[in-house]
Amino acid sequence: MNILVINCGSSSLKYQLRNINTQRVMASGVVERIGESMGQITQRSFPDKWPDTKDTEELPILNHEAAMKLMVSKLTNGVIQSPHEIDAIGHRVVQGGESFSHPVLVDENVMNTIKDNIPLAPLHNPANLIGLEQAMILFPETPNVAVFDTEFHQTLPRHAYMYPVPKIFYEQFKVRKYGFHGTSHKYVSKTASVFIGQKIEETSLITVHLGNGCSMAAIKNGKCIETSMGLTPLAGLMMGTRCGDIDPAFHIFLAKNKGLPLSEIDILLNKSSGLLGICRKNDMRDIHEARLHGDDDAQLAFEMFTYRVKATIGAYLAILGSVNAIVFTAGIGENDPDVRSMACDGLENFGINIDPTKNNEKTAEARYINTEQSRIKVLVVPTNEELEIAKATAEVVND
Ligand code: ADP
């Protein structure tokens with residue numbers, strides 16, 4: 001069974017074609033700068049085979065319809081013979097609101113509900129809808145499945161997801177904590193439970209997703225009970241360019257004292273803050289390089305970033321009561337031993353001990369990085385959101 005996974009953004013389209021029976025990735029690609037004067041498509045065909053076949057083409061790509069057609073023409077140029085070989089399409093949809101706690105087969109009702117959730121994700125859901133609409137036009141007989149970033153966090157208890165603001169905002173506008181990166185937290189929590197040899201229903205974990213965007217989840221017996229992102233992906237940890245949790249009165253300060261309009265405050269907090277705001281760099285590799293050269297702002301950014309991860313681990317230990325493992329994932333979480341050790345430094349009395357040798361190993365495999373004595377296991381698990389979406393899509397279609 002061949003599953004096409006689509007992640008449609010406002011100016012980009014990421015895709016991956018996978019045979020779910022063999023687990024083999026047949027192609028993965030990205031169409032970028034859709035709607036600009038010059039766009040680009042890059043596709044890797046059979047990326048696990050040697051030699052790697054990377055094909056990049058620059059051309060104007062007028063809109064998402066053109067992007068999808070381009071993707072089809074690349075896929076049918078050596079990877080598959082015809083679009084009929086695609087058995088189902090799995091779509092990443094960012095905001096499912098309270099309507100979706102599981103992946104769903106897309107029909108008109110589902111499309112309308114995703115539309116209804118646009119106010120909660122004004123940048124993402126419209127792009128995801130375009131991807132769905134185009135897929136339905138181009139592949140009229142192929143089932144489409146929507147997999148939501150928010151669905152894994154729908155098990156949060158109400159005392160965790162409600163905001164202490166007048167309740168009418170929840171009742172009328174559904175303002176509450178939703179949480180994001182759910183597909184990643186779900187995937188690494190399932191993988192970690194298999195790795196430590198326990199049933200997911202009996203496993204309690206803290207998952208730490210540190211990429212450009214960063215979030216954490218507290219998972220009790222397989223169910224998410226707390227997460228760091230909120231109504232939007234701006235909340236929680238410090239991120240590459242996003243501020244994470246700050247005093248909400250900062251908005252008022254900026255408006256009153258700097259005369260900034262909301263649109264500029266939005267850009268400031270989403271695109272110019274986080275690591276970038278503190279040290280002018282948002283890639284953790286560059287920050288380490290700068291720290292080595294004595295850049296104190298880079299040192300401060302590193303300390304702030306890891307401090308917030310540690311504080312959240314502490315909070316989640318308290319919420320969960322007992323924890324089997326802490327799981328690091330995503331670009332920084334998988335590759336950065338300094339961030340992992342700093343975030344867990346001083347937590348020995350809570351039963352968390354990192355083994356420096358294991359922590360410094362460079363491998364792309366899931367692995368333990370804790371010492372033998374550590375009561376709580378610490379793992380690195382590479383995330384794979386496309387695989388999770390492909391599996392979920394196959395399950396819905398085969399149901
Ligand atoms: P996204 O949120 O865009 O999916 P990723 O999970 O791919 O992001 O993470 C991207 C980030 O991972 C980069 O900005 C960089 O900071 C970090 N990163 C990637 N490789 C390394 C590495 N070897 N060491 C430290 N950080 C890394």
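Note that the coordinates shown come from a computational prediction; the quantities given were computed from them, not determined experimentally. Just so you know, ligand 1 is whichever comes first in the structure, and atom 1 is the first atom listed for that ligand. Values below: every heavy atom of this structure, side chains too, minus hydrogens, waters and symmetry copies.
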Identify the closest protein heavy atom to [atom]: which residue and atom is it, and at what distance?
| atom | value |
| --- | --- |
| atom 15 (C) of ligand 1 | Asp283 OD1, 3.3 Å |
| atom 22 (C) of ligand 1 | Asn335 CB, 3.4 Å |
| atom 24 (N) of ligand 1 | Arg285 CG, 3.4 Å |
| atom 27 (C) of ligand 1 | Gly331 O, 3.7 Å |

For ligand 1 and [X], I'd like to know whether there is a polar contact (N/O to N/O, distance under 3.5 Å).
| X | value |
| --- | --- |
| Leu210 | no |
| Asn212 | yes |
| Met284 | yes |

Checklist entry - Is atom 4 (O) of ligand 1 in close reach of the protein, with a heavy atom under 4.0 Å away? => result no
Counting N and O atoms only, with roles assigned by atom type, does the side chain of [X] sit under 3.5 Å from a partner on the main chain of [Y], one being a donor and the other an acceptor?
| X | Y | answer |
| --- | --- | --- |
| Ser374 | Lys377 | no |
| His64 | Gly9 | yes |
| Arg92 | Ile6 | no |
| Glu348 | Gly346 | yes |
| Tyr15 | Cys8 | no |

Checklist outcome for this item: Note: Arg367 and Glu361 closest approach over all heavy atoms is NH2-O, 2.8 Å
Checklist outcome for this item: In terms of heavy-atom contacts, Ser341 and Asn359 come closest through CB-ND2, 3.6 Å
Could you list the atoms of ligand 1 found under 4.0 angstrom from a heavy atom of [X]?
| X | result |
| --- | --- |
| Ala330 | 6 (O) |
| Gly213 | 2 (O) |
| Ile332 | 12 (O), 16 (O), 17 (C) |
| Asp336 | 25 (C) |

Item to check | Option from Leu129, Asn144, Leu4, Ile114 for which side chain to side chain contact (heavy atoms under 4.5 Å, CB included) with His91 holds | outcome: Asn144
